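Keep in mind that the numbers below use all heavy atoms, side chains included, and drop hydrogens, waters and symmetry copies. Small disclaimer: the values here were computed from a predicted structure and weren't measured.
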Amino acid sequence: MPAFLRQHDKGLEYSLEDYNLLGRSPDATIRLTDAGVSRQHATVRRDGNLYWVSDLGSANGSFVNDVAVTTARALRHGDRIQIGTCLFIFETDEGDHLGNTSSSSNMLHTVALPMKTVKATLLVGDLRNFTNISAQLSPEEVAAMLREWYAQCTLVLKARGAIIDKFIGDGVFAYWQGDSLESRVKATEAARLLSHSDAADSPVRKMMKEEMNLEVHCHIGLHVGEVALGAMGRGVNTAVGEAVNVAFRIESLTRKLQVPVLVSSSFMEGWEEGLQHYKNVGVHMVKGQPEPVEVYALVESNPVLD
């Protein structure tokens, strides 16, 4: 489905690709010169027949129909996207069909689920030392590295049935509905692959390693808990709840313990076979939690799960 961002006041039209970076960076797909726009400000990416906009932690935020973009948001024909002082209209070749009341209602039913509380297997990934490393790269190289990493995350996670909730700059949040052993096996496999990504699979990271002696690694936090899952607003679907906060805090704990993958005791509960892949590394306090959490580290020597 061809789609476009149009600036009608300036007579400009941008044809959207599968992945589009918006910002002041010379390497941006859609380059904006507004001083209120960050270098890597936002992305618009295609997933099937839908296009999703995400803010990349920009200084001044991104807005759709005057609502701040705080998580990946599905776009509909006619949506207004504001970045700095730049105002775009999202349009598709199927606009006439998507724009009428009945078809819009049908579309919302396909992309926006009612809120419900469910058990979920949660994955949070983050690129270590990204700020320091990006300071040594050009904006074009940073954008290219993130594009490659987003593509790798998408390939690894979707092949294992995960739902990618959002990309947050140099981080990713994904989940599997349910807490089955199968979901935890798939999450473990995804974590191992993402944390051991070969630089040869990424032209930019290969260049960084060979020419600059720089390596960037992904650290992962895994957790199982109850989340509220569904629509947070028009076109906005996400998983929220304290379990999500815990998953992010567990990922942050990888820095202190200097391990690439950590999981909670909830993730290990009822999975005795999992102890061959993980080792207990103790009970630790994490920011924002009144009680310490027990965590397990992925054993490096184990092969990828079948």
Side-chain angles (χ1 to χ4, degrees), residues 1-93 95 98 111 126-127 130-131 133-135 137-154 164-173 202 204 232-238:
M1 178 183 68
F4 310 87
L5 291 183
R6 292 191 169 99
Q7 287 183 286
H8 291 285
D9 60 331
K10 297 183 179 180
L12 297 177
E13 173 185 291
Y14 303 93
S15 178
L16 293 175
E17 304 171 7
D18 287 344
Y19 176 88
N20 309 269
L21 173 66
L22 285 72
R24 289 190 294 109
S25 168
D27 198 46
T29 314
I30 300 177
R31 188 180 182 189
L32 307 173
T33 57
D34 183 353
V37 174
S38 299
R39 287 182 174 275
Q40 292 88 38
H41 195 106
T43 62
V44 176
R45 58 186 176 87
R46 180 176 180 177
D47 186 359
N49 290 326
L50 296 176
Y51 285 84
W52 297 78
V53 60
S54 300
D55 187 82
L56 297 179
S58 63
N60 296 312
S62 305
F63 300 84
V64 175
N65 300 329
D66 301 320
V67 177
V69 176
T70 58
T71 185
R73 173 170 181 153
L75 293 170
R76 301 197 308 171
H77 177 77
D79 278 346
R80 305 185 313 278
I81 303 172
Q82 184 167 349
I83 296 177
T85 62
C86 302
L87 180 63
F88 301 93
I89 305 298
F90 175 76
E91 299 181 4
T92 73
D93 282 354
L98 296 178
V111 301
D126 184 65
L127 294 178
F130 177 78
T131 300
I133 290 175
S134 61
L137 303 174
S138 69
E140 296 89 342
E141 291 167 338
V142 173
M145 180 179 68
L146 283 177
R147 277 202 299 270
E148 291 175 1
W149 186 64
Y150 288 175
Q152 180 194 18
C153 288
T154 300
I164 298 178
D165 188 290
K166 53 179 164 284
F167 288 103
I168 316 166
D170 59 333
V172 62
F173 170 47
S202 165
V204 176
M232 295 296 291
R234 179 182 165 190
V236 182
N237 297 285
T238 189

Interatomic distance, Asp27 atom CG to Thr29 atom OG1 [nearest 0.5 angstrom]: 7.5 Å

Calculate, to the nearest 0.5 Å, the distance between atoms CG and CZ belonging to Asp79 and Arg73 respectively. 6.0 Å

If only side-chain N and O atoms count, and only distance matters, is there a donor-acceptor pair under 3.5 Å linking Glu91 with His8? yes

When you look at Phe130 and Met145, which way does the side chain to side chain contact (heavy atoms under 4.5 Å, CB included) test go after all the steps? CA-CA 11 Å; Phe130 177 78; Met145 180 179 68; 3.3 Å; yes

Closest non-hydrogen atom pair, Leu32 against Cys86: CD2-SG, 4.2 Å

Hey, mind stepping through Arg45 and Asp18 against salt bridge (charged side-chain N to carboxylate O under 4.0 Å, His left out) and telling me if it holds? CA-CA 5 Å; Arg45 58 186 176 87; Asp18 287 344; over 6 Å; no

Shortest non-hydrogen contact from Arg80 toward Asp66: NH2-OD2, 2.9 Å

Can a donor-acceptor pair be found, under 3.5 Å and without considering hydrogens, that links the side chain of Gln82 to the backbone of Gly84? yes

Interatomic distance, OH@Tyr51 vs CG@Leu75, rounded to 0.5 Å, equals 10.5 Å

Distance from Phe88 atom CZ to Glu13 atom CD, nearest 0.5 Å? 12.5 Å

Got a donor-acceptor contact below 3.5 angstrom from the Asp55 side chain to the Val69 backbone? no

Is there a donor-acceptor pair under 3.5 Å between the side chain of Glu148 and the backbone N or O of Val204? yes

Indicate yes or no for a side-chain donor-acceptor contact from Asn20 to the backbone of Thr43 under 3.5 Å, with no hydrogens or angles considered. no

cation_pi(Arg147, Tyr150) dist<6.0 Å, angle<=45: no

I'd like to know if the side chain of His41 reaches the main chain of Ser25, judged simply by a donor and an acceptor atom lying under 3.5 Å from each other, with no hydrogens or angles considered. no

Audit row: Thr154, Phe167, side chain to side chain contact (heavy atoms under 4.5 Å, CB included) steps and yes/no: CA-CA 10 Å; Thr154 300; Phe167 288 103; 3.8 Å; yes

Heavy-atom side-chain contact between Phe90 and Leu5 under 4.5 Å: yes

Criterion side chain to side chain contact (heavy atoms under 4.5 Å, CB included) on Ser15 and Phe4, from CA distance to verdict: CA-CA 5 Å; Ser15 178; Phe4 310 87; 4.0 Å; yes

Mark yes or no for whether Arg46, through its side chain, and Gly48, through its backbone, hold a donor-acceptor pair below 3.5 Å. yes

Return yes if some donor-acceptor pair links the side-chain N/O of Asn65 with the main-chain N/O of Val67 below 3.5 Å, else return no. no

Do Arg6 and Leu12 make a side-chain contact, defined as non-hydrogen atoms from C-beta onward lying under 4.5 Å apart? no

Could you report the tightest heavy-atom contact between Leu21 and Ala143, atom names first, then the distance? CD2-CB, 3.3 Å

In short, Val44 meets Leu16 closest at the heavy-atom pair CG1-CD1, 4.0 Å

Taking the side chain as every heavy atom from C-beta outward, state whether Leu87 and Ile81 have any atom pair closer than 4.5 Å. no

Pairwise side-chain contact, Ser134 with Arg39, heavy-atom cut-off 4.5 Å (strictly under): no

Candidate pair Val172 and Ile164, rule side chain to side chain contact (heavy atoms under 4.5 Å, CB included), full reasoning: CA-CA 8 Å; Val172 62; Ile164 298 178; 4.2 Å; yes

Approximate separation, where rounding is to 0.5 Å, of Asp170 CG and Leu56 CG: 10.0 Å

Where is the tightest heavy-atom contact between Arg24 and Arg31, given as atom of each residue plus distance? O-NE, 3.4 Å

Taking every non-hydrogen atom, the tightest pair across Lys166 and Ala72: CB-N, 3.9 Å

Whether the side chain of Ser38 engages the backbone of Ala59 through a donor-acceptor N/O pair (distance < 3.5 Å, no angle test) should be reported. yes

